[in-house]
Amino acid sequence: MWILYNFCCSIRSDAKLKDPFSLAQKDLQNVYEDIKKLLVSKAELKALCDYYFDGKGKAFRPMIVILMARACNVHSNKEGVLLPAQRSIAMISEMIHTASLVHDDVIDDSDTRRGKNTINKVWGERKAILAGDFILSAASMALARIGSNTVVSVLSQVIEDLVRGEFMQLGSKENENERFKHYLEKTFKKTASLIANSCKAVSILVNSDPEVHEIAYQYGRNVGIAFQLVDDILDFTSSANLLGKPSAADLKLGLATGPVLFACQQFPELHAMIMRCFSSDGDVDQAWQYVLKSDGVEQTNYLAQHYCQEAIRQISRLQPSTERDALIQLTELVLRRDK
């Protein structure tokens with residue numbers, strides 16, 4: 001049984017904080033155009049690869065990487081000047097993330113992504129898989145050009161974690177405690193590993209102290225897990241508020257996320273549904289109702305707050321800087337987001 005986490009809902013800093021997205025905007029200018037330049041290929045393949053790099057994304061991961069790079073630079077040399085290789089890592093993180101989305105959409109047979117048809121919907125599954133592979137290969141080449149074996153090793157771990165996380169998502173555990181551990185480990189591998197290891201990589205480029213590398217890594221890990229926990233909450237709350245009816249996308253895919261796992265503690269009937277991946281008639285609707293009747297959403301939110309508190313504790317060990325304080329503020333934005 002998981003212990004309830006009682007943390008205050010609002011995370012504050014005594015520092016005067018600047019909006020993280022605004023602070024990173026200059027460094028992220030033309031980032032999608034620069035990514036497209038790395039995707040040199042023949043017409044149709046290039047069209048597929050460019051499809052999601054249209055500049056309409058939030059660039060959440062590159063933004064974190066840029067802010068972490070500058071925070072580590074201030075901590076290390078008091079100047080905070082962004083290195084070209086650090087900006088490259090921000091681009092590579094977005095490329096790896098996008099390639100994983102292309103492949104996820106094929107696995108999940110998704111029709112829409114970011115408000116438009118998915119690549120597999122427009123061009124078919126085979127070409128979508130190849131496009132994801134090509135984006136990943138271009139990211140690998142950009143990574144090799146950085147010229148650091150350590151950085152290559154750190155970011156290669158991300159790709160391994162993405163694959164292992166996808167396999168973990170295909171299964172579940174009989175035991176309740178093992179199931180939650182399985183869920184959090186899968187969440188780390190599929191979502192947080194990319195952020196954690198990208199943050200670690202930019203710290204390695206400017207500082208040889210393993211303690212600084214661990215601070216960067218742990219901040220990314222905790223923010224990444226919190227981000228996904230909130231995402232799992234929104235699958236139950238956002239659509240209900242905006243549309244008046246559930247989307248229950250994860251349930252329809254057979255996935256038991258945080259709100260369901262917490263709800264299972266109050267409604268053991270969910271156990272059988274989880275083990276059969278909500279495949280029987282009425283399972284999705286019934287599970288949805290159990291979650292709404294339980295405190296599963298609230299419990300998952302408490303857990304996300306716990307991870308954000310830990311992220312703040314880690315990043316606060318760096319020397320004060322505007323970027324460090326923006327990373328602190330980012331934890332509150334993660335908890336408050338509604339889409």
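- Comment: Asp105 does not engage Lys121 in a salt bridge, judged by the lack of any side-chain N to carboxylate O separation of less than 4.0 angstrom.
- A donor-acceptor pair under 3.5 Å is formed between the side chain of Ser100 and the backbone N or O of His97.
- Here the closest non-hydrogen pair linking Leu67 and Pro20 is CD1-CB, 3.7 Å.
- For the pair Arg337 and Phe60, the cation-pi criterion (under 6.0 Å, within 45° of the ring axis) is not fulfilled.
- The shortest heavy-atom contact between Ala144 and Val152 is CA-CG2, 4.5 Å.
- Here Ile119 sits in one hydrophobic cluster together with Leu48, Tyr51, Tyr52, Val102, Val122, Trp123; the rule is ILVMFWY side chains under 4.5 Å apart, joined directly or through other members.
- With a 4.5 Å cut-off on side-chain heavy atoms, Gln228 and Asp231 count as touching.
- Across Arg324 and Ala71, no two heavy atoms sit closer than the pair N-CB, 4.0 Å.
- Relative to the ring axis of Tyr219, Arg317 does not place its NZ or CZ within 45° and under 6.0 Å from the centre.
- A donor atom on one side chain and an acceptor atom on the other are not found under 3.5 Å apart for Asp295 and Tyr302.
- Counting only residues at least two apart or in different chains, ring pair (Phe, Tyr, Trp, His ring centres under 6.0 Å) contacts with residues 137-161 are absent.
- Within the 4.5 Å cutoff, no side-chain heavy atoms of Asp111 are placed close to those of Asn117.
- Counting heavy atoms from C-beta outward, Ser294 and Phe267 have side chains that approach closer than 4.5 Å.
- Across all their heavy atoms, Thr191 and Gly224 have their closest contact at CG2-O, 3.7 Å.
- The local environment of CE in Met275 is crowded, with over 12 non-hydrogen atoms from other residues, nucleotides or ligands closer than 6.0 Å.
- The existence of a salt bridge linking Arg87 and Asp27 is excluded, since no basic side-chain nitrogen approaches an acidic carboxylate oxygen closer than 4.0 Å.
- Under the 4.5 angstrom side-chain criterion for Ile, Leu, Val, Met, Phe, Trp and Tyr, the cluster partners of Leu253 are Leu255.
- Here Glu94 contributes atom CD and Ile135 contributes atom CD1; the two are 10.5 Å apart, rounded to the nearest 0.5 Å.
- In this structure, Cys72 and Val212 have side chains that are in contact, with non-hydrogen atoms separated by less than 4.5 Å.
- The residues Glu166 and Lys189 are annotated as not salt-bridged, no charged nitrogen and carboxylate oxygen being separated by less than 4.0 angstrom.
- Listed by chain and residue number, Lys46 satisfy the side-chain hydrogen bond (donor to acceptor under 3.5 Å, both in side chains) test with Asp50 (two or more places apart in sequence, or in another chain).
- A cation-pi arrangement is present between Lys200 and Tyr217 under the rule of less than 6.0 angstrom and at most 45 degrees off the ring axis.
- Heavy atoms only, all atoms of each residue included: Ile64 and Leu330 are closest at CG1-CD2, 3.4 Å.
- Side chain to side chain, Thr118 and Asn120 meet the donor-acceptor criterion of an N or O pair below 3.5 Å.
- Tyr307 and Phe227 have their aromatic ring centers separated by at least 6.0 angstrom.
- By the 4.0 Å N-to-carboxylate-O rule, Lys190 lies too far from Asp161 to be salt-bridged with it.
- Look at Asp34 and Lys37 and you find a salt bridge, because one of the NZ, NE, NH1 or NH2 atoms lies within 4.0 Å of a carboxylate O, short of that distance.
- Checking His271 against Arg276 by side-chain atom types alone, no donor-acceptor pair falls below 3.5 Å.
- Side-chain N/O atoms of His103 and Asp133 include a donor and acceptor closer than 3.5 Å.
- Applying the side-chain hydrogen bond (donor to acceptor under 3.5 Å, both in side chains) criterion to Asn197, with sequence neighbours excluded, gives Ser193.
- Side chains of Gln309 and Asn222: a donor-acceptor N/O pair is absent below 3.5 angstrom, by distance only.
- Looking at residues two or more places apart in sequence or on another chain, you find a side-chain hydrogen bond (donor to acceptor under 3.5 Å, both in side chains) between Arg313 and Glu310.
- A salt bridge does not link Glu185 to Lys181: none of the charged side-chain nitrogens sits closer than 4.0 Å to a carboxylate oxygen.
- Counting only distance, with no hydrogens or angles, the side chain of His75 and the backbone of Leu318 share no donor-acceptor pair below 3.5 Å.
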